[in-house]
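Here's the structure we're looking at; comments come further down.
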Amino acid sequence: MADPKGFMSTPRQEWPRRPVEERTRDWDEVYVPGALLPIISKQADRCMDCGIPFCHEACPLGNLIPEWNDLVSREDWRAASDRLHATNNFPEYTGRLCPAPCEAGCVLAINQPAVTIKNVECAIADRAWEDGFVRPRPPERLSGWTVAVIGSGPTGLAAAQQLTRAGHTVAVYEKDDRIGGLMRYGIPEFKMEKHHLERRVEQMRAEGTRFRTSTAVGRDVGAAELRGRYDAVVIATGATAWRELDVPGRELAGIHQAMEYLPLANRVCEGDLERSPLCAAGSHVVIVGGGDTGADCLGTAVRERAASVTQLDIYAQPGGERDEDVEPWPTYPKIYRLSAAHEEARDLRTAPAADADARLFAASTLRFTGDADGHVRSLHLVEVDAARQPVPDTGRTLPADLVLLALGFSGPDREDGLVDQLGLELMPRGTIARGSDFATNVSGVFAAGDAARGQSLIVWAIAEGRAVAAAVDRYLTGSSRLPAPIGPYDRPMAV
């Protein structure tokens, strides 16, 4: 604790964002380059070094937050990087993409703004790369065991890196043409530039991990054949079976799933396409769904120069402060948050009819109507109460040339045949069933991440990858020294 009074003398200061007019003209990350490091040491000084750090409990990775806060405040970046990487394989991902439940659990957050834990984490990760602290860590010897990891999202990559470093020969199978899963084609460039992903993949290649892209297990290679080829298999395909909206007019052209829309925009950034086939330019866009994926669609449509963009959230607008009776500290509260995309939509006035920024709260879609050519032109909605029941006389109509459904995901997609070919048991909600050791009903096959847990946060995905790696290592060798930060039944703190 470099400054015992830092939390009293230093106000919270976050990584500043670039001006809205500037950042919406490109696809670069929204933050001011180089503006984080000059402020972060003083921000780390705000850490209280409390006796019981609840930020540990709020973070499923068990990040050693007070330790690396203290090291950053002393500007010992190498030691801070060591402590950060001791629990997190990819801190530059979580530092940019995680909603920071650790900050909700910060003891300082009981009555003051929390420590900027997420910013400190990102600063350490970026400084570690700049100063050359991040290097490949190949195993000293090989075990002779082989493992296939299916899926290259954060869970699959974390599991593969841990197992490779333990000495096993690991191959990662990815159905897309590039490694990264949802981080590659689902996360917009303005939230995380893909060079952060590329250099981690290169680090893993140097450590010995092998990658097989454009290979859908179950279709391009049989799932049972793959199981016979490897000593163990980890399924980390994510929860990609999107939820549908069953209302009249859903069949009209111009209504698409968010994960049909976002990958195309990312492919434009990758240089694969000059223009997305679903480009929102000049269109009246309505996004159905109030979560992070909907916000990603919002920021993307703004950059594509949509005529208007409105986001519908079925929940009522939350307040700006934690409700201590419903969501007491240190749980993660549902409060009004202004993401970069919502800030952009507010300042650019993309949705004049919205309640706040670009969002309409407590709004439920009734039906779509279209033109003579069968293309959507309007979305009809109604306000709903807390029980999601329509409120009389609140119907309204929004112009809609492009509708994006961002309603979440129910479990792994079964179209490739992986689940059925292996004969995997499923839970009632559609996720893969597994035991306390992450093992499925098929010997040697393990399931981790959203495919088994259900849709969750990136920090939980990485924790699952680390934990399943320990389980596979134990299955192969009889014991394991790999860390297992969570169990398959652990859940976020709640009342």
Side-chain angles (χ1 to χ4, degrees), residues 60 147-160 162-163 170-176 180-183 186 212 215-244 259 407-476 484-492:
V147 183
V149 175
I150 306 173
S152 68
T155 298
L157 292 181
Q162 292 294 95
L163 288 165
V170 180
V172 177
Y173 287 80
E174 169 56 53
K175 65 180 180 180
D176 285 323
L182 184 66
M183 293 185 297
R212 307 282 188 267
T215 306
V217 177
R219 186 180 66 229
D220 299 320
V221 58
E225 174 191 346
L226 192 76
R227 173 64 192 96
R229 195 186 305 171
Y230 291 88
D231 298 306
V233 173
V234 175
I235 299 175
T237 55
T240 56
W242 50 60
R243 294 191 178 98
E244 262 296 347
M259 289 309 297
L407 301 171
F409 306 89
S410 60
D413 191 345
R414 298 179 63 176
E415 284 191 5
D416 290 337
L418 169 63
V419 169
D420 296 326
Q421 289 176 23
L422 287 176
L424 296 173
E425 293 180 357
L426 299 178
M427 300 295 287
R429 57 191 179 131
T431 55
I432 299 173
R434 58 184 179 177
S436 59
D437 56 355
F438 292 86
T440 69
N441 61 299
V442 179
S443 177
V445 178
F446 299 78
D450 290 3
R453 173 173 291 275
Q455 188 178 355
S456 189
L457 305 177
I458 185 172
V459 69
W460 281 91
I462 296 173
E464 286 253 342
R466 291 171 68 86
V468 76
V472 172
D473 188 38
R474 192 177 305 112
Y475 166 79
L476 294 174
I486 60 171
Y489 309 131
D490 289 340
R491 292 295 182 268

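Predicted, not measured: the structure shown is a model, and the values here were computed from it.
Asn441 places a side-chain N or O within donor-acceptor distance of the main-chain N or O of Gly423, the cut-off being under 3.5 Å. Between the side chain of Arg227 and the backbone N or O of Ser443, at least one donor-acceptor pair lies under 3.5 Å. A donor-acceptor contact shorter than 3.5 Å links the side chain of Asp220 to the backbone of Ala216. The closest donor-acceptor contact from the side chain of Thr215 to the backbone of Tyr173 lies at 3.5 Å or more, if one exists at all. Side chain of Ser410 to backbone of Ala241: a donor-acceptor contact under 3.5 angstrom is found. Judged by distance alone, the side chain of Thr155 and the main-chain N or O of Gly465 form no donor-acceptor pair under 3.5 Å. A donor-acceptor pair is defined here as one N or O able to donate and one able to accept, closer than 3.5 Å; such a pair exists between the side chain of Gln455 and the backbone of Phe409. No donor-acceptor pair closer than 3.5 Å links the side chain of Arg219 to the backbone N or O of Glu415.
The minimum heavy-atom distance linking Val217 with Ala223 is given by the pair CG1-CA, 3.9 Å. Scanning all heavy atoms of the two residues, the minimum distance from Pro412 to Gly430 falls at CD-O, 3.3 Å. Residue Ala232 comes nearest to Val472 through the heavy atom pair CB-CG1, 3.9 Å, listed as atom of the first residue, atom of the second, then distance. Scanning both residues, Val172 and Gly151, for their nearest heavy atoms gives CG1-O, 3.8 Å. Taking each heavy atom of Ala471 and Phe438 in turn, the nearest pair found is CB-CD1, 4.1 Å. The heavy-atom pair separating Gly435 from Pro488 by the smallest distance is O-CG, 3.3 Å.
Contact of the Val442 side chain with the Val233 side chain is not registered, since no non-hydrogen atoms from C-beta on lie closer than 4.5 Å. The side-chain heavy atoms of Arg453 and Thr431, taken from C-beta on, include no pair separated by under 4.5 Å.
A distance of 5.5 Å separates NZ in Lys175 from CG in Asp416, rounded to the nearest 0.5 Å. Taking CG from Asp437 and CZ from Arg474, the interatomic distance works out to 8.0 Å, rounded to the nearest 0.5 Å. One finds the CZ atom of Phe446 at 11.0 Å from the CD1 atom of Ile235 (value rounded to the nearest 0.5 Å). Note: Arg212 CZ to Ser152 OG = 13.5 Å, rounded to the nearest 0.5 Å. Atom CD1 in Ile432 sits 11.0 Å away from atom CG in Asp450 (nearest 0.5 Å). Here the CE-CG distance, from Met259 to Asp413, works out to 11.5 Å after rounding to the nearest 0.5 Å.
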Can you check side-chain contact (heavy atoms from CB on, under 4.5 Å) on Gln162 and Asp473, steps first, answer last? CA-CA 9 Å; Gln162 292 294 95; Asp473 188 38; over 6 Å; no
